Structure formats: C-alpha cells, structure tokens
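Written out below as structure tokens is the structure these notes cover.
Here the structure is a predicted model, which is why all the values come from computation and not from measurement. Each chain gets a letter, A, B and so on, in the order its sequence line appears, and its residues count up from 1. We use all heavy atoms of the structure for the numbers below, so side chains are in, but hydrogens, waters and symmetry mates are not.
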Amino acid sequence: MRLARPVRPPGDVDVTSFSDLAFLLIVFFVLTTTFLRPEGAAISIPSSTHDPERKPKQDPTMINLSADTLLLNGKNITMDALRSQLFDMKLDQVEDDQKTIILDSASDVTFQRYFRIVTSVSRAGGILAIQEPVEDAEEGNET
Amino acid sequence: MKLARKKRKACLVPMTSFGDIAFLLIIFFMVASVFMKEAHIKVQQADSPDVDKAKGQISVVMDTEGDVWLEGHSCPIEALESAMGAMLDDRSDKIVLVKIDRDLKQEEFGKILAALAEAGADIVMLGEREVE
C-alpha cells in the first residue's frame, strides 16, 4: 500500500523580528557602555644631568617627604598648607629656572602620599626634580 | 462641481534591509572596540584633588605586587628604560601614562620614574579625583 506524503509547509523563515532584536542589542550596548576616561597629572621631570651650567642660579624650593613628616624648605608644613603655598608662588608665571622644585622622598613613602605632592606641584605649574641618592663609583658610597 | 478624491497609495516602507543595517552596526562596533590592555592587572589607584583628564597611548603599570607592566605585558624594571626609549623613538608625542598602586613604597616606584625620565618620556601619573 502506498502512503500519501504529508504536505510540507512553505519553508520561509519569518525574519521580521530580527531587526528589532538587533536594534535592541545596539541600544543595550550603547546604554551599558562606559568609556574609560583616565585622569591624572602631567609631571615634568627633567632627566638627570651633571652639567654645572644647567644648575639653577638660585636655591630651588625643596620639599622633604617622609612617611609622617613634610617639610617645605626645612619647615614643617601640612599637606593643605603646602598646596596653597605652591599656588601662592605662581610658578606658572616665573621663568623656568625658578619653577624647579626638588622633591626628596624617603624610601618608605607610599605612592598615595607621593602622588598628592606631585599633583600639587604639577597643578601649581612647577617642574619637579627628583633627588636620588647617587652611588660614588670610586668609593662605593651613597651620597 | 465636486472633485473626485485621488486614491492614496498604500504607504509601505520596505524594512527588509533594517536588520542587515543593524547587524552591520553591531559587527562594526565589535571589530572597532578596543578592550582594556590592563584588565588583568590589579592596581588600587591613588587619589588627589589636583587631577585632570589625561590623554596618551603608552601605558606603564606597577601593580600591587610591585611588578611592572608595559602596554599590558610584563617588563622587568631593568629593561624598562631601553624598551621605553625604543618605543618613544618613532613617536611624535612622548606621553606615557603611569599607573602605580597607592600602597607601594618610594623605593619600589622611584625606579620607574627615574627610568622613564631618563628615556625622555613625558610622564602623566594616573589617579582618581578626590572630591575636596
């Protein structure tokens, strides 16, 4: 006995909702995307030099930083007071020679503390010079 | 005299290509997106009230363990100056974004700053804005 084949329905796939789906995906990504906007401070650090000609003519401002003390030109100062003093110096209006601020940091200072000083100097328009101990090649001593 | 109204044509907008356009847009954004190079590096950023928006391409990160990452790849600190010098040689802008963990000590991160300054980089230290 021969069986009659069942009639196949037409093979068209309904794609009408594909565009809705795609646009929903786009809207989802547009709304949930957060762009990475880094924030920071540009630090002007001159490279080291032993050229006596390039040394500043007058004594530069000196900041001594340790884990629990902060000195500006040898005097104890708070972080906020340092910040306002740097702004009062109007470093962005003086010659490059007078903009230099030497930062002598102890080895146990955390980056958080260091970052505050450095960004304050940068915002005030100063040029940061980092004081590093130099090893004496002949004697092997740190100076 | 009464004028006969014109018969309006059925207003059917062909929407077949909408799906194609939408999928093309998705593919474009997927291909053009740049994912974070440093997503795998653990760093707690320092904060300060004196930060602004920063721009730059090259990044150097020192993570919580004190390891140095140049452009998302591990880089020994001794090799940083020469690697950075080579990278900056053929660039017009010398901006380098530096991200350092807030709890690291100066004896660790000081070497990075010295190496970058010697390589001639314009250092931008990254941190979060602290509300005054």
In Å and rounded to the nearest 0.5 Å, what is the OG1 to CG distance from A/T119 to B/D52? 10.0 Å

Which atom pair, heavy atoms only, marks the closest approach of A/A41 to B/D50? CB-O, 4.0 Å

Of the backbone (N, CA, C, O) and the side chain (C-beta and beyond), which part of A/Y114 lies under 4.5 Å from a heavy atom of chain B, both, or neither? side chain

Within residues 73-102 of chain B, which positions have a heavy-atom distance to chain A below 4.5 Å? B/I100, B/D101, B/R102

How long is the span from the CD1 atom in A/I26 to the CZ atom in B/F28, to the nearest 0.5 Å? 11.5 Å

OG of A/S105 to CD of B/Q106, rounded to nearest 0.5 Å, is 4.0 Å

Test item: B/M125 and A/V118 side chains (from C-beta on) under 4.5 Å apart, heavy atoms: yes

Okay, B/F23 and chain A: the region with an atom under 4.5 Å from a heavy atom over there is both

Hey, quick one: are A/L86 and A/M62 part of the same hydrophobic cluster, counting side-chain heavy atoms closer than 4.5 Å, chains of contacts allowed? no

When you compare the side chain of A/R123 with that of B/V51, does any pair of heavy atoms fall below 4.5 Å? no

Most contacts with chain A, counted as non-hydrogen pairs under 4.5 angstrom, among B/M62, B/E107, B/K53: B/E107

Heavy-atom side-chain contact between A/T110 and B/L104 under 4.5 Å: no

Check the hydrophobic clustering (I, L, V, M, F, W, Y; side-chain heavy atoms under 4.5 Å; chains of links allowed) and say if B/L70 and B/L116 are grouped together. yes

Quick check on the hydrophobic clustering: are A/V30 and A/F23 connected, directly or via other members, by side-chain heavy-atom contacts under 4.5 Å? yes

First locate atom CD of A/E39, then atom CZ of B/R129, and finally report the distance between them rounded to the nearest 0.5 Å. 4.5 Å

With hydrophobic residues grouped by side-chain heavy-atom distances under 4.5 Å, do A/I63 and A/M89 end up in a single group? yes

Out of curiosity, A/F111 CZ to B/L113 CG, how far, rounded to the nearest 0.5 Å? 7.0 Å

Contact origin within A/F28 toward chain B - heavy atom pairs under 4.5 Å: neither

When rounded to the nearest 0.5 angstrom, what distance separates OG in B/S48 from CZ in A/R83? 6.5 Å

Give the cluster check for B/I112 versus A/I117: same hydrophobic cluster or not, with ILVMFWY residues linked at side-chain heavy-atom distances below 4.5 Å. yes

If we only count heavy atoms from C-beta on, is the B/D47 to A/R116 side-chain gap below 4.5 Å? yes

Under a plain distance cut-off of 3.5 Å, with no hydrogens placed, do A/Q112 and B/D103 share a side-chain donor-acceptor pair? no

Under a 4.5 Å heavy-atom cut-off, does chain B meet the side chain of A/A124, its backbone, both or neither? neither

Max heavy-atom pairs within cutoff under 4.5 Å with chain B, candidates A/A67, A/A22, A/S107, goes to A/S107

